[in-house]
Protein chains: 2
Amino acid sequence: MAQTAKKDEKQYQLYRDALNLFAEYGYKKTTVADVADRLGMTKGNIYFYVKNKKELYHRTIHWALTQWQDHVRSAVAGQTTAPDRFNAMAEAALGYIEGNKVFRRLLIRDPEIFTLDRDRDRFPEANRAARQIIRDILDQGIREGAFTVRDPEAATEYLFSIYMMFLIQTFVYLDKKDFRRIFASALALNLGGLSSPRPPKETSHDRCHVKGP
Amino acid sequence: MAQTAKKDEKQYQLYRDALNLFAEYGYKKTTVADVADRLGMTKGNIYFYVKNKKELYHRTIHWALTQWQDHVRSAVAGQTTAPDRFNAMAEAALGYIEGNKVFRRLLIRDPEIFTLDRDRDRFPEANRAARQIIRDILDQGIREGAFTVRDPEAATEYLFSIYMMFLIQTFVYLDKKDFRRIFASALALNLGGLSSPRPPKETSHDRCHVKGP
DNA sequence: AATTGAACAAATGACCTAAAAGTTCAATTT
DNA sequence: AAATTGAACTTTTAGGTCATTTGTTCAATT
């Protein structure tokens with residue numbers, strides 16, 4: 001049941017315009033009539049595209065999350081080794097929002113878009129895909145011998161939580177003060193751990209490859 | 001201005017009883033008269049000990065946090081090496097709440113006791129002390145050559161956030177499902193990092209001590 | 001110093017109502 | 001047929017009133 005190209009185009013406009021309005025005024029203060037006005041139609045016609053306001057909101061945000069994820073995936077694809085991909089993923093994921101004012105506003109209006117509570121996750125599909133990006137990099141690293149991970153599933157869950165935590169602290173709570181500095185610490189810790197020894201160089205590649213005692 | 005021993009004792013009772021009531025009914029549903037009744041006094045007399053209900057609540061929780069921290073500190077003191085202390089701290093901090101039904105109830109009634117948002121932290125003093133516990137272990141580990149940490153202040157902040165995250169996920173959101181499993185992953189990752197090489201043994205001590213290339 | 005109890009002040013919840021916003025749909029346009 | 005309109009309809013919300021509960025004060029008492 002393929003949609004018409006025209007409907008696809010209209011839907012794109014709908015999500016884009018709705019996103020801007022929801023980001024500016026929040027869910028409650030944005031009326032269906034506001035969205036219709038912005039698109040040059042009447043509010044009744046919105047219901048030709050979505051079944052109600054709630055669905056409009058949800059689809060709009062899901063669409064925004066999807067765009068963001070595509071950006072991350074292409075950044076990851078631009079690297080080859082697992083550690084490089086890990087860094088690229090982290091940088092792309094956080095950097096994208098850093099540079100996206102509309103998305104940041106949206107998060108302030110609706111801080112629960114990102115949550116650490118799986119039961120209250122309103123975008124489980126998008127977040128499953130996000131976990132998969134992490135998981136793929138871990139698996140590659142293990143396969144190629146660059147990473148040592150005992151329980152990849154648990155590690156993925158843990159890393160995803162840290163990623164959520166960073167998003168929430170930085171873009172919801174606006175604790176940006178030392179964002180980059182703590183982010184760097186987090187990357188170093190996740191790649192190398194607390195434990196010595198490690199040469200005091202950052203570039204994460206040339207590492208001691210001696211087997212344990 | 002030393003208080004009388006009698007007043008100290010009454011204060012202890014006050015906090016203990018108030019804690020139980022707040023945990024059972026929450027802040028709103030617990031009346032000042034309820035607390036007074038439990039202590040066998042009249043509500044007017046509560047105001048001899050605290051200046052208002054809000055202060056009673058805050059002091060009560062602060063007292064509970066302090067007790068918890070004392071427990072963690074003594075668990076840490078029971079170990080000697082930094083990695084052992086790190087593990088002991090993590091286990092004591094999470095384990096204490098795991099076994100404390102009243103505290104867990106309180107968290108469900110008032111989920112914002114723990115927050116990732118420094119601006120909304122109602123117990124900054126207690127949390128500063130908690131960070132200090134982490135920091136002291138990191139410093140010891142660095143001093144003794146067991147840990148390699150480029151920026152201890154940022155690392156402390158990061159580790160404290162992870163600790164908060166675990167508390168929130170496990171005891172506020174009740175995502176206990178894989179708590180222990182992910183907790184183990186987190187400890188392993190923080191001590192050893194993702195990167196190979198590391199012998200496939202868990203006990204975190206006997207590690208490769210060869211200097212980098 | 002610690003406690004009481006009555007008096008007073010502030011906060012809450014229930015109820016009401018008018019306005020605003022969400023939703024439907026038969027008719028109309030593209 | 002797909003897309004759109006606009007009026008009718010339903011649901012939600014914001015604001016106001018009011019009785020009741022709860023929080024707070026304080027002069028008197030132990």
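Scope of the values below: all heavy atoms of this structure, side chains included, with no hydrogens, waters or symmetry mates. Here is the naming used below: chain letters follow the sequence lines, and residue numbers restart at 1 for every chain.
For the side-chain hydrogen bond (donor to acceptor under 3.5 Å, both in side chains) test, no residue two or more places apart in sequence or in another chain qualifies with B/R109. Judged as a salt bridge (charged side-chain N to carboxylate O under 4.0 Å, His left out), and not counting sequence neighbours, B/E24 has no contacts. By the salt bridge (charged side-chain N to carboxylate O under 4.0 Å, His left out) test, A/D117 is found to be paired with A/R120, residues two or more places apart in sequence or in another chain being considered. Annotation: side-chain contact (heavy atoms from CB on, under 4.5 Å) contacts of A/T31 (sequence neighbours excluded): A/A33, A/D34. Not counting sequence neighbours, B/K54 has no partner by the salt bridge (charged side-chain N to carboxylate O under 4.0 Å, His left out) test. Contacts of B/F183 classified as ring pair (Phe, Tyr, Trp, His ring centres under 6.0 Å), with partners at least two apart in sequence or in another chain: B/F166, B/F179. Residues forming a salt bridge (charged side-chain N to carboxylate O under 4.0 Å, His left out) with B/R180 (at least two apart in sequence, or on another chain): B/E91, B/E98.
Contact annotation: A/Y49 does not reach the phosphate of D/dA3 (side-chain N/O to OP1 or OP2, under 4.0 Å).
The distance from atom CD of B/Q11 to atom P of C/dA1 is 15 Å, rounded to the nearest whole Å. Distance A/N52 CG to D/dT12 P: 12 Å, rounded to the nearest Å. A/F48 places its CZ atom 7 Å from the P atom of D/dT4, with the value rounded to the nearest Å. One can place NZ of B/K54 at 16 Å from C1' of D/dT22, the figure rounded to the nearest angstrom. Rounded to whole Å, atom C1' of C/dT24 lies 9 Å from atom OH of A/Y47. Atom CG of B/N45 and atom P of C/dA6 are 16 Å apart (whole Å). Note: NZ (A/K53) to C1' (C/dA20) measures 11 Å, nearest angstrom. Residue B/E55 contributes atom CD, which lies 13 Å from atom C1' of D/dT24 at whole-angstrom precision.
Seen from the ring of B/Y27, B/K53 counts as a face-on cation partner, given the 6.0 Å and 45° thresholds.
Taken together, the paired segments of DNA chain D that extend over three or more consecutive Watson-Crick or G-U pairs, each closer than 3.5 Å at both contacts, are C:1-30 with D:1-30.
Residues of residues 23-42 of chain B that place a heavy atom closer than 4.0 Å to DNA chain D, in numerical order, are B/T30, B/T31, B/V32.
Donor-acceptor pairing under 3.5 Å, judged by distance alone, is present between the side chain of A/K43 and the base of C/dG22.
Once rounded to the nearest 0.5 Å, the distance linking OH of B/Y57 with CG of B/L19 reads 9.0 Å.
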